[in-house]
Amino acid sequence: MVKLFIASLAISLAAFKPAPKFHVLVLASRASDHQKMIAAARPFFEQLAATNNLELDFSDDTSLINPANLSRYQVFVMLHLAPFDMSASQQSALQQFVESGKGWVGIHAAGLTGKSFLGPNSKAQYWQWFENLMGDITYSPHPAFQQATLVIEDPRHPATLHLPARMQVPDEWYEFNKSPRDKVHVLASVDESSYHQNKPMGDHPIIWTNERYRRMIYIGIGHDPILLKDTNYATLLRDAILWAGSGTPPPIPTKGGKITYEKPLPSTPPRSGIDSFKINPGYDIRFTWTISNNTLQLNNFFEKPLKPGTTNDWSKIEYRWFDFRRGHPWSPEDSILFSELDRNARNYTPPIATTSASPRFRVLAIYENGGHHIEYSRRAKTWLNQLAADSNFAIDYSTHADTMTEALLKNYQLIIQLDFAPYGWKPETQTAFKKYIEEGRGGWIGFHHATLLGEFDNFPMWPWFSDFMGGIRWKNYIARFASATVHIEDHSHPVLKGIPDTFTIKKEEWYTYDKSPRPNVHVLANVDESSYRPDTTIKMGDHPVIWTNEKMPARNIYIFMGHSPILFDDPVYCKLFSNAIFWAAATKPAARSTANPAAYSAATPQ
């Protein structure tokens, strides 16, 4: 009989190409109820391994469940072995194995969860983690062995991909205290109308995965060796093991807790930038690249889903990666996401440096990729890109303060803070930025949100930045927006060259502060609060809106106006912006920028 089912299995599986080799441990129960199944299962699994290019060990020795031994395997098959048959140290070793992201296939009696198995006088600690792994269910007595209809609910999952929609299966049909459906991803259920239940569940899943763990699958059927002769059941076990074994995390390298890719390059001049690539299944990945000492380094990775209805927020990829490696993926797509990230990062080539004309200077523009100011930032990017192309300077963009490391900032002669708030920055970023300003390593231009100083989003105020901005704290704003007239105070300053004595801003939300920054900064312009249309009671009295802190070695200028994209339809505003760039970067503006500032006012949103 054994020879017959082995031959049948070999024929049924021969058409499938061998999977890449990985190691599987099948650990079987010693319980007398399952000895017939275990005896038949050994040659079955050995043939399955030979046919599919697997390295397989088959045993009933639970002492093999220890961290050192389990490290040799990618998949653990728990064949009728009940969780209460393991010691506490063995349970811990298996939990560590599963949480590390490796594959687990539980068959039939592996689902015997519940404190009832400990016995009334047991002093052993109940393995609650395993109950949670199974979807927070406990086993209840099963009905008599009988045939019933198995219904495939997810025909696209790799484990059930090759099964018919409905199939007749003989088994004991384990029942549980409740359906695990709200905690697991159900692959198949049993039609309770097709057999005599012990205690009807109503909703009766029997094969499922728990997506909190990357490669976990429970198969509730499998009591009798007759199933091993069933081509469909053989296919189910094969596909479940192959799927569980394909979950090994890609070899993503880390350095100092950050995902970091490095590779040598032929003799290449130092340079750096910020780049991105889109990957399936629908994610945008952004990162910093640096070439130094003929080595290309990629780090500071951020991810954002591109699916409709998802957030525009960027997240550090490390958060998602660490959860994925611990067996707690954010999404079933995470395995593909990280495999694609690894492939793209290893194949990444930085942009070719232009040799015909080196850029006059390099600019890093940081902006918030979301919220009320995104349309301003999008319009600003279009305008800045055109100005950079016409005036031969280079500009890179970032949407997160973490990208501003000391090493990265060495590559830039100017930082533009486009509506980016000065809170929530990590200490390393604060230190790098502070050094950049205090040591005069480059220039700085801040707009609008850069003076959002105070306690926001559960972050404390950054005192140094408040001092940098004149010792102020944000107080209020004109929520309805208003037009107003700006008055120039220092016509001699280079940033105000070619700017009229007064000009009108058509739409702005006009921040107020706890006090005027005037005693601590050099004010270049103020807003006439009597000119607000519509008028408002939210006023400061002395209300500077453009200023520079001359105590700092870095050339710096703050320009309050920066909320609405219509500002780029105003040639005066565009002239003010371009003047600020060339002054803060300590270079002379290109002829076109001086002669025709209005040329940059026709930019359209991206």
Side-chain angles (χ1 to χ4, degrees), residues 24-34 37-38 59-142 172 174-186 201 205-223 240 244 247 323 325-329:
V24 180
L25 175 62
V26 181
L27 207 62
S29 170
R30 293 179 176 176
S32 58
D33 289 350
H34 301 123
M37 177 63 167
I38 301 305
S59 178
D60 62 0
D61 181 4
T62 56
S63 70
L64 297 175
I65 310 175
N66 61 75
N69 185 57
L70 290 184
S71 66
R72 300 168 49 221
Y73 300 98
Q74 282 72 54
V75 178
F76 183 99
V77 179
M78 200 157 151
L79 179 61
H80 294 293
L81 183 69
F84 51 80
D85 286 332
M86 302 180 204
S87 68
S89 63
Q90 292 163 359
Q91 291 175 349
S92 176
L94 181 56
Q95 179 176 337
Q96 181 181 343
F97 179 89
V98 174
E99 288 187 336
S100 72
K102 291 189 175 182
W104 180 86
V105 180
I107 300 174
H108 197 52
L112 295 179
T113 55
K115 295 181 180 179
S116 61
F117 290 105
L118 292 178
N121 300 315
S122 175
K123 295 182 180 180
Q125 185 174 357
Y126 180 62
W127 196 9
Q128 185 63 47
W129 176 87
F130 193 89
E131 182 181 311
N132 300 147
L133 173 75
M134 290 290 291
D136 296 345
I137 57 164
T138 56
Y139 166 83
S140 61
H142 62 74
E172 292 178 325
Y174 278 4
E175 294 170 356
F176 304 95
N177 65 325
K178 61 182 179 180
S179 169
R181 187 178 296 274
D182 64 333
K183 300 291 176 62
V184 300
H185 176 58
V186 177
M201 289 178 60
I206 202 67
I207 303 174
W208 63 78
T209 66
N210 185 334
E211 292 178 342
R212 289 186 62 226
Y213 304 92
R214 196 164 58 255
R215 287 293 188 266
M216 169 278 189
I217 182 169
Y218 174 66
I219 300 171
I221 52 178
H223 174 77
D323 280 352
R325 290 198 63 183
R326 284 195 295 263
H328 300 285

* To do: Would you please name every residue forming a ring pair (Phe, Tyr, Trp, His ring centres under 6.0 Å) with Y218, sequence neighbours left out?
  => W208
* Structure fact -> Across all chains, not counting sequence neighbours, the ring pair (Phe, Tyr, Trp, His ring centres under 6.0 Å) partners of F84 are F117
* Verify the distance criterion only: is there a donor paired with an acceptor across the side chains of D61 and S63 at less than 3.5 Å? => yes
* Identify, with sequence neighbours excluded, every residue that meets side-chain hydrogen bond (donor to acceptor under 3.5 Å, both in side chains) alongside Q128. => E131
* **For S179, side-chain hydrogen bond (donor to acceptor under 3.5 Å, both in side chains) partners two or more places apart** => D203
* **Partner residues of S89 under the side-chain hydrogen bond (donor to acceptor under 3.5 Å, both in side chains) criterion, sequence neighbours left out** => S87
* Asked: Can you list every salt bridge (charged side-chain N to carboxylate O under 4.0 Å, His left out) pair that touches residues 74-84, not counting sequence neighbours?
  -> none
* **side-chain contact (heavy atoms from CB on, under 4.5 Å) partners of Q96, counting only residues at least two apart** => P67
Identify every side-chain donor-acceptor pair in residues 106-114 under 3.5 Å, counting partners at least two apart or on other chains, and give the distances.
from	atom 1	to	atom 2	distance (Å)
H108	ND1	G220	O	2.7
H108	NE2	E172	OE1	2.9
H108	NE2	Y174	OH	3.4
T113	OG1	I137	O	2.8
T113	OG1	Y139	N	3.4

* To do: Taking the six-membered ring for Trp and the full ring for Phe, Tyr or His, determine whether the centres of Y73 and W104 are under 6.0 Å apart.
  => no
* With sequence neighbours excluded, residues passing side-chain hydrogen bond (donor to acceptor under 3.5 Å, both in side chains) with N69 -> R72
* **Working for side-chain contact (heavy atoms from CB on, under 4.5 Å), residues W127 and L94** => CA-CA 11 Å; W127 196 9; L94 181 56; 4.0 Å; yes
* For Q91 and P83, indicate whether the former's side chain and the latter's backbone hold a donor-acceptor pair under 3.5 Å. => yes
* Asked: Can you name the side-chain contact (heavy atoms from CB on, under 4.5 Å) partners of S71, sequence neighbours left out?
  -> none
* **With sequence neighbours excluded, residues passing side-chain contact (heavy atoms from CB on, under 4.5 Å) with D136** => N132, K178, K183
* Nearest non-hydrogen partners of M86 and I65, listed with the distance -> SD-CD1, 3.9 Å
* Structure fact -> The salt bridge (Lys or Arg N to Asp or Glu O under 4.0 Å) partners of D60 (sequence neighbours excluded) come to R30
